[in-house]
Each structure stands twice: as C-alpha cells, then as structure tokens.
Amino acid sequence: MAIAKLHKVHNSRKSRNVGLGLVLGLFVVLVMSLTVVKLTAQNNALMPGVGPAQQGITK
C-alpha cells in the first residue's frame with residue numbers, strides 16, 4: 001500500500017535523514033584520513049630517510 005500524497009512530516013524526516021547521512025559520511029572520512037596520517041607518520045618515524053624502494057614497497 002503506497003502513500004499517494006506525502007505529508008510535510010515526510011519531507012522534514014527526509015531532509016533530516018539526508019543531513020544525518022552527510023554528517024556520518026564526513027565522520028567516516030575524517031576517521032579514515034586521521035588513520036592514514038597516523039600510519040604514514042609512524043612509518044616515517046621507523047625508517048627516516050628511507051625511500052619506498054629500500055623499504056620493499058613496489059608499485
């Protein structure tokens with residue numbers, strides 16, 4: 001049974017859900033970027049001045 005006419009409550013809930021989805025997506029991107037930065041910093045601290053070729057990392 002489909003809703004034929006949307007009520008104003010449906011529109012406000014939809015906009016709230018879209019906003020919450022964007023906030024959660026930005027949070028995931030923030031956590032992922034912080035993880036990459038931290039891992040990169042730890043890798044550089046363990047092997048300073050050593051390039052990717054000397055570390056055994058190849059493309």
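This structure is a prediction, so every number in the text was calculated from the model and none was measured.
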Distance-only donor-acceptor hits, side chain of residues 27-41, under 3.5 Å, sequence neighbours excluded:
| residue | atom | partner | partner atom | Å |
| --- | --- | --- | --- | --- |
| Ser33 | OG | Val29 | O | 3.1 |
| Ser33 | OG | Leu30 | O | 2.9 |
| Thr35 | OG1 | Val31 | O | 2.8 |
| Thr40 | OG1 | Val36 | O | 2.7 |

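Summarising the geometry, atom NE2 belonging to His10 is positioned 12.5 Å from atom OG belonging to Ser15; distances are rounded to the nearest 0.5 Å. The CZ atom of Arg13 lies 10.5 Å from the NE2 atom of His7; values are rounded to the nearest 0.5 Å.
Clustering of Ile, Leu, Val, Met, Phe, Trp and Tyr by side-chain heavy atoms under 4.5 Å joins Leu24 with Leu20. Cluster partners of Leu26, using a side-chain heavy-atom cutoff of under 4.5 Å among ILVMFWY residues and allowing indirect links: none.
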